[in-house]
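Here's the structure we're looking at; comments come further down.
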Amino acid sequence: KPEFIKWAYDNNLWLQVEDDVKREEFHYHFVTEYAMSLETLEEKETLIADYILEMDYLEKPDFAEKGRDLLKELIAQ
């Protein structure tokens, strides 16, 4: 499964989904799973921060907030 998550993330698999909300739900899922598979806290933080910036840029505040919550959760661990 970790190999598939990395492959899906690297290939932007969520872009195949036509429904905007479902697409972003998949995107968030892949970011979460991929981040947790990374070895260092710095790598995880960078990946999630990039996701938050992307969601802010795309004006998707709900998903940007989910990313912020994920980052807070990660830092609290």
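Residues K22 and W14 are not in side-chain contact: their nearest non-hydrogen atoms beyond the backbone lie 4.5 Å or more apart. Inter-residue side-chain proximity for N11 and Q16 is flagged as unmet; no heavy-atom pair is nearer than 4.5 Å. Contact annotation: the side chain of L70 never approaches that of K66 to less than 4.5 Å [non-hydrogen atoms, C-beta and beyond].
The minimum heavy-atom distance between L47 and V31, with the atom names listed, is CD2-O, 3.7 Å. Shortest non-hydrogen contact noted between Y34 and K6 is CE1-CG, 3.7 Å.
Under the 4.5 Å side-chain heavy-atom criterion for Ile, Leu, Val, Met, Phe, Trp and Tyr, F26 and V21 are members of distinct hydrophobic clusters.
One distance of note links CD1 of I5 with OG1 of T32; it measures 9.5 Å at 0.5 Å rounding.
Here the side chain of R23 pairs no donor or acceptor atom with the backbone of L15 at under 3.5 angstrom.
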Could you give the side-chain donor-acceptor pairs of residues 51-62 under 3.5 Å, partners two or more places apart or in another chain?
from	atom 1	to	atom 2	distance (Å)
D56	OD1	R68	NH2	3.1
D56	OD2	R68	NH2	2.7
K60	NZ	D20	OD1	2.9
K60	NZ	D20	OD2	3.0

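Applying the ring pair (Phe, Tyr, Trp, His ring centres under 6.0 Å) test to F30 and every residue at least two apart in sequence or in another chain returns nothing.
Applying the salt bridge (charged side-chain N to carboxylate O under 4.0 Å, His left out) test to every pair with at least one member in residues 29-52, sequence neighbours left out, gives no pairs at all.
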### Query
Stepwise, does the side-chain contact (heavy atoms from CB on, under 4.5 Å) test hold for E24 with V17?
CA-CA 9 Å; E24 291 311 327; V17 178; over 6 Å; no
